Amino acid sequence: MPYDMLVFGGTGDLALHKLLPALYHLHRENRLPKDMRIIGISRKQLARERYIDLAERHCRAQVERKDFTEASWLSFSQRLEYLAMNAEQAADFARLAQFLVTHNLRGCIYYLATAPQLFESIASNLALTGLTGANTRIVIEKPIGHSLQSALAINATIGAAFSEEQVFRIDHYLGKETVQNLMALRFANALFEPVWRSAHIDHVQITVNETLGVESRGAYYDHAGAMRDMLQNHLLQLLCLVAMEAPVRFDADAVRNEKVKILQALRPIIGMDVQDKTVRGQYTAGNVGGHTAPAYYFEKDVDSDSDTETFVALEVEIDNWRWAGVPFYLRTGKRLAKKTSEIVIQFKPVPHSLFSDSQANHLLIRLQPEERISIELMAKTPGKGMHLQPVELEINLAQVFQDSRRWEAYERLLLDVIENDSTLFMRRDEVEAAWQWVDPILKGWQQHYQRPRPYPAGSNGPEQAHSLLEKHNRAWHE
Ligand code: BG6
C-alpha cells in the first residue's frame, strides 16, 4: 500500500530545516517510494505554489550545493502538497478527511512537527474523524510531556487512537551514524565485551556540549531546561546504548527490551543525593568563539528572573550486576566553549604498576563534530629508560568511509518510518521509565530550591560540575 506523509507544523523550523531537506536527499537518491506525496499542513493560508517556494528556499539553504540540482528539485517538488488547517479545531479535520478523499486516500504517515501541546488534540481528532485505521502511522518528537504524569497522558491519548506498532517516537540522536556505530562497536567486536563491566571500568562519561544558546526557542526552552530538553531523552538514550546487554536479535522489540531494563535499573536520585549528585547551571554573559553572548535571562522570550537550567551534570548509578559501583557522569549544556558530543569509557589502572608514569586506558567515542573512535594506550618513548607516554589508536569514521555521503539523522529515521522499522524509536515504556527516573530530580530541585549555578557563556560549565568528579579524584575529559 503506498503511503503519503502529512507534516503537521509544515511551515515550522523542524519541517523546513530538517524534514524537507532530509526528504529531498532521500528523493534524490531514489529511496522514497515512487508515488509518496508530502503534504505540509499548517494554519498559514498558502497556495501550494507558495509552499513549494518556501520549501525550496529552505532546502537550497540546507542542502550542500553539489547535492542540489534543479532537476531533482523539480521532481521532488511534484510530491509536495499543502493544506491550511487549524490542528486545534475538530471541524478542520473533516476538511482534512475531504482533502484526502479528493487526493485519493491511501496510507498516511502523520508527522507531528508541532508544539507538544498539540499532540493529544491532533491524535484524538484524527481518531474521531476516522483517520487512524490500520494503514496509518504517527510520528512524534521529543519532548513527550514535561513530567511523568503528562507523558502518561500523551501516551494514553495517542495509545487510544493508534496501536503501539503505529507510533514512532523520534529521538534524533538514535539516527546519528556514530550512535548506531556504538552498537556495532559493542556487539560486532568480541574484543570489548570481556572488559565492558565493573571489574575493568572505573567510570563512564557522556558529554553533549553545545556552543549555541536557545536561539529563537526561548519560549519553549524556558519551560523545559536542559534536563527535559536533552538529558531525559538524548543522554539517557546514549547511556542505554553504552550500558545495555546484547539484545538477542537486532529488531525493535529485542533492542528496546534491553534499553528499558537499563532505565529501570537507574538508581533513583532522591533526598540529599539531589544536592550531592546533580548540578544545574545557567549561562551568564560571555564570549563564545569570539562573539559576545548575552546572559540567558536576556535571551528573547525568556523570563528575566528565569531559574531554568541551561546546563546539567549528574552522577548516575546503574543497579545491576554489570555496572554495580561504576558511576556514569552525564553533562550537557548550552553556550559552552566547544561543541562536542562524546562518550568516554575510563578503564581501571593496571592491577600492579611496574612503571611510575603509567596511566589507565580510555576509549573515546566522539559523536560530534567529527566521528571518531580512539583508544588511549601507554607506549614507551624512544631512548634509554622506561618512560611511558599515552598514544592514540584512532579510527576517523568520516575518513574511512569518505566515499559515502554522511546521512543526516532525520534521513535515516524518516526512511525507517516509511519502511515501518521502529528499532531506532522509543517505545512507550522507555519514555515512561525515563520520566519516572527524571521526575524526582526535578521535584528535588524544586523542594530544595536549587537555583542554577552561573557559568559564563564560552566556559566549560559551572565549577560545581567539576567538583562532582574531583571529589572522587576524577576529571572530565576536555
Ligand atoms: C534537540 C534540542 O533535541 O537537540 C536542542 O531540543 C539541541 O536544544 C539539539 O540543540 C542538539 O542536537 P544536535 O544534533 O545538534 O546535537
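Please read these numbers as outputs of a predicted model, since none were measured by experiment. Counting from 1, the numbers follow the sequence of the chain as shown. Start at 1 and go down the list; that is how both ligands and their atoms are numbered.
The two atoms that bring Met227 and Glu309 nearest to each other are N-OE2, 2.9 Å, heavy atoms only.
Side-chain contact, Asp222 with Ser306: a donor N or O sits under 3.5 Å from an acceptor N or O. Between the side chains of Asp67 and His25, no donor N or O sits under 3.5 Å from an acceptor N or O.
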| field | side chain to side chain donor-acceptor pair (under 3.5 Å) assessment of Tyr329 paired with Arg474 | value | CA-CA 10 Å; Tyr329 295 102; Arg474 297 177 176 128; 2.9 Å; yes

| task | Starting from the C-alpha separation in whole Å, work towards a yes-or-no answer on side chain to side chain donor-acceptor pair (under 3.5 Å) for Thr136 and Gln166. | result | CA-CA 7 Å; Thr136 60; Gln166 292 171 282; 3.1 Å; yes

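The immediate protein surroundings of ligand 1, defined as residues with any heavy atom under 4.0 Å of it, consist of Lys142, His172, Tyr173, Lys176, Glu210, Arg217, Asp229, Met230, His234, Lys334, Lys339, Gln368.
In this structure Glu141 satisfies the salt bridge (Lys or Arg N to Asp or Glu O under 4.0 Å) test with no other residue, sequence neighbours excluded.
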